[in-house]
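Have a look at the structure below, then the notes.
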Amino acid sequence: MHHARRRRTLAAALLTATALLVGGCAGDDGAKGKGAREPALGPVAANPAGSALSLPLDAYTDSDAEARRMEAVQNRLIALCMARYGFAYEPPASRADTGGGAEQGRHGALFGVADPAQAAARGYADASGAGDSAKPAPPQLTESATAVLFGTRQGETTPSGPDPRTQEEAERTDSGIEAGGQRVPAGGCLREGYRKLYAPTKDSVDLLFSFGLASEAHTRSQKDSRVVAVLKDWSACMEEAGYDGVGTPYEVVEKLGLEADKAGPKAVAVAGEDVACKREVNLVGVWAAVETAYQQGLVEENAETLALYRKQRDARFKLAASLA
């Protein structure tokens, strides 16, 4: 669609953005607290593809392919545990990869739909196909095998015993459950598989540590004056296109009543305007620059823990190779 009469040119939008982005500003929340200065930004790309975005904390989180590999390793550890008690274990099949993850990259949907082709083809439907297929059925197990897998006593549906944080601690913990004359690990083989992979020792960094930092950076970025300003411009553009009352890209589907058919004609039309407005004000470029600044600050603040996390992550990859 063409809206040249009502839309500023990209060059004009970038001039406005430049005025906002020079240096850091004192914000209400800032990076660490009220009155703190907002971080200075690096280069602000003009309408970068969301699928191509790279953020500082990416170095400390698994890609989709790596996550699937770790899932397979964890399942292998569970199967080895079950075998000690004489049980064969076949894990539920993982949901098939539809290719949407590779198409969107890690951050393709971080700021809402931003790709014109995706908007035209699917509107707001999830490119990964999440929710489109049935959840894999759990494996069918005997009562004894279930007790070993989950660490449950007869009649329990969830384990009531101790749940040590690390494998190191678990090896000193009595679950109070036996099978075939052997003590069952606390939490069963499911928990043992997790602990051996992600929490072998007392200095193991929480698996979700880096995800927590990324979430914190995103929360801070939403309060940053430069993101607030570009969202205001985007919202005004959406209003000019006939879609009132949406303050952020995350509200579009709900506030415009698109939940029932996210890929229908109305959703496709709205998504097209949404993406066009994002491009007019360079929302992805501005927000990604701000997000990068907050992530970089958190990487520097947590450098020691992140270095340990990366070392342990490398150890997990070595374990994966040894079990292949």
Minimum heavy-atom separation for Ala289 to Leu41, with atom names?
O-CD2, 3.7 Å

Check: Arg122 main-chain N/O paired with Lys262 side-chain donor or acceptor under 3.5 Å
no

Donor-acceptor under 3.5 Å (Asn47 side chain, Arg279 main chain)
yes

Partner of Trp287 under side-chain contact (heavy atoms from CB on, under 4.5 Å), chosen from Leu231, Asn282, Thr292
Leu231

Determine whether Trp234 and Asp274 make a side-chain contact, defined as any pair of heavy atoms from C-beta on separated by less than 4.5 Å.
yes

With hydrophobic residues grouped by side-chain heavy-atom distances under 4.5 Å, do Leu207 and Leu319 end up in a single group?
yes

Whether Thr152 side chain and Pro159 backbone form a donor-acceptor pair below 3.5 Å
no

Could you label the plane-to-plane angle of the His218 and Phe111 rings as parallel, tilted or perpendicular, counting under 30° as parallel and over 60° as perpendicular?
tilted

Hydrophobic clusters here meaning ILVMFWY residues chained together by side-chain heavy-atom distances under 4.5 Å, can you tell me if Leu283 and Val252 are in one?
yes

Taking only residues at least two apart or on different chains, which pairs with a member in residues 50-87 satisfy ring-ring contact (aromatic ring centres under 6.0 Å, His included)?
none

Arg316 NZ/CZ over Tyr309 ring centroid, <6.0 Å and within 45° of normal
yes

When you measure from the side chain of Lys266 to the backbone N and O of Leu256, does any donor-acceptor pair fall under 3.5 Å?
yes

Shortest non-hydrogen contact from Pro162 to Thr173?
CG-CG2, 3.5 Å

Donor-acceptor under 3.5 Å (Gln222 side chain, Val227 main chain)
no

Flag, side chain of Arg226 to backbone of Val290, donor-acceptor distance under 3.5 Å:
no

Just checking, is any N or O donor in the side chain of Ser54 or Arg106 under 3.5 Å from an acceptor N or O on the other one?
no

